[in-house]
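What follows is a single structure, written as structure tokens, with notes after it.
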Amino acid sequence: MTPDASLLLHWYDRHRRTLPWRAAPGQQADPYHVWLSEIMLQQTVVQTVIPYYERFLSHFPTVGALAEAPLDEVLQLWAGLGYYARARNLHACAQAVHQLGAFPRTVEDLQKLPGIGAYTSRAIAAIAFNIPTVPVDGNVERITARLNAVEDPLPASRPLLARLASHLNDDPAAQARPSDFAQALFDLGASLCSPRSPSCLTCPWRECCLAKARNMAEALPARQKKKPRPTRHAILFRIINSEGNVLLRSRPPEGLLGGTDELPGTPWSEERFTPSPAQLAETAFTQCAPIQAQWEDCGEVKHIFSHFTLLIRVYGCTLPEKSNYPIDPTHGRFRPLKKAILSSVMKKCLLVGQHHKPVAG
DNA sequence: CAGGCGTGGCT
DNA sequence: TAGCCAAGCCT
């Protein structure tokens, strides 16, 4: 059965969240703002996105400005947000939209653009263009699974949930306010219909929710058990010259951390390798190191990616003034950190063992 | 089409 | 601590 959309919209009118990319009540949102925010919000929480969104908008006030910027400038602003393919696609999409002259206004045409899939195309269509469609993200999947008491685990149940969700706006009240209805679903999922401890007692849809009736809301949606996360190991070298610049190299443009800068070092291997002091000075070992040096052990960095854990041993050295070590360009070049594209994991590696703030007392 | 692809906050 | 998972897309 179709839930009463007017109940949800009434709740939304009273509890609507104010967000930087949201239009004021009754106003039409800017498609560029909606698109930019939706790309950033893919698998990323609102609180994390807000400062990135603000920085992007001040650097690139229009989609044309974003299209004409060099990719590295986009990547540098994106650095730390993760899923760097989003930044590449964002840039490519901006160029496509700039060519077209404006954002496409249909789900079908939006979905042809890089980085815009089944969810984002519907989110933009609904929010920016007021087209009656239901964007199915994690929030809407959860709401739908609970309303219908779908017990089959994700991700296998995804097609079923998408089919059920597509009927959430069958109600004429939803058709009358497509933009608000989509955002109301997000707000409901983010506040009352939350993953843990849902607030069913005050939910606008409490009367029609099968999961609430069966006292199983919190358990839904069920998820398939995840595979264990493997661990990989690496040794990275932090070499700082007398000007304070760091030896950095660029990662391949696609793949993990694509296009970001990294400290040179060993491949990221399944095997842990702890060199002895003698090995640290050996040529055979230093083929992974840019130079032979007196290495200082700066400590270990643990970083958890989505599909593996990385344990990094960081060795550091500071070069004396006027030193002229021959360094193979494959290891990188000395760069001021200000201009680097630094992922979070590399920021950790740059900071580890710096002891810049001694504990008081 | 299952898996690659980041990060941080929460319990 | 270790696991969970968030406004997904791409291949």
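A, B, ... follow the sequence lines: proteins, then strands. Residue 1 opens every chain.
- Distance noted for atom P between C/dT11 and B/dG6: 14 Å (whole Å).
- At the heavy-atom level, A/Arg17 lies under 4.0 Å from base atoms of the strands shown.
- Within the shown strands, B/dC10 is the pairing partner of C/dG3 under the Watson-Crick or G-U definition, both distances less than 3.5 Å.
- In the set B/dG4, B/dT7, C/dC9, B/dT7 carries the atom at the smallest distance from any side-chain atom of A/His303.
- For the residue pair A/Ser179 / A/Gln183, a side-chain donor-acceptor distance below 3.5 Å is found, with atom types taken as modelled.
- Among the nucleotides C/dC5, B/dT7, C/dA2, the one closest to the side chain of A/Lys302 is C/dA2.
- Relative orientation of the A/Phe305 and A/Trp268 rings is parallel, given thresholds of 30° and 60° on the angle between their planes.
- Residue A/Asp137 places its side chain closer to C/dG8 than to any other of C/dG8, B/dG6, B/dG3.
- An OP1 or OP2 oxygen of C/dA6 is reached within less than 4.0 angstrom by a side-chain nitrogen or oxygen of A/Arg142.
- Among the heavy atoms of the strands, none lies under 4.0 Å from A/Ile39.
- Of the candidates C/dA7, C/dG8, C/dA6, C/dG8 carries the atom nearest the A/Gln42 side chain, counting heavy atoms from C-beta on.
- Residue A/Thr120 is in sugar-phosphate contact alone, with no base atom involved, counting any heavy-atom pair closer than 4.0 Å across all strands shown.
- Looking only at atom types and distance, the side chain of A/Tyr119 has no donor-acceptor partner in the side chain of A/Gln42 under 3.5 Å away.
- Spacing between B/dC5 and B/dC1 at atom C1', rounded to whole Å, works out to 16 Å.
- The partner of B/dG3 is C/dC10, by the rule that a Watson-Crick or G-U pair needs both atom distances under 3.5 Å.
- Judged by distance alone, the side chains of A/Ser306 and A/Arg229 never bring a donor and an acceptor atom under 3.5 Å apart.
- Between A/Thr48 and B/dG9 there is no side-chain polar atom (N or O) within less than 4.0 angstrom of OP1 or OP2.
- Of the candidate nucleotides B/dT7, C/dA6, C/dA7, C/dA6 has the atom nearest to the side chain of A/Pro195.
- Using atom P as the reference point in both B/dT11 and C/dA7, the two lie 16 Å apart (nearest Å).
- When heavy atoms are screened at a 4.0 angstrom cut-off, A/Leu154 is found touching no nucleic acid atom at all.
- Contact between the side-chain N/O atoms of A/Arg223 and the OP1/OP2 oxygens of C/dC5 is found at a separation under 4.0 Å.
- Put simply, the side chain of A/Thr44 and the base of B/dG8 share no donor and acceptor less than 3.5 Å apart.
- Spacing between atom NZ of A/Lys347 and atom P of B/dG6 amounts to 14 Å, rounded to whole angstrom units.
- Residue-environment remark: CG (A/Asn215) stays at or below the threshold of 12 foreign heavy atoms within 6.0 Å.
- By the 5.5 Å and 30° criteria, A/Phe186 is stacked with the base of C/dA7.
- Protein atom CD of A/Gln47 is 14 Å distant from nucleotide atom P of C/dA7, rounded to whole Å.
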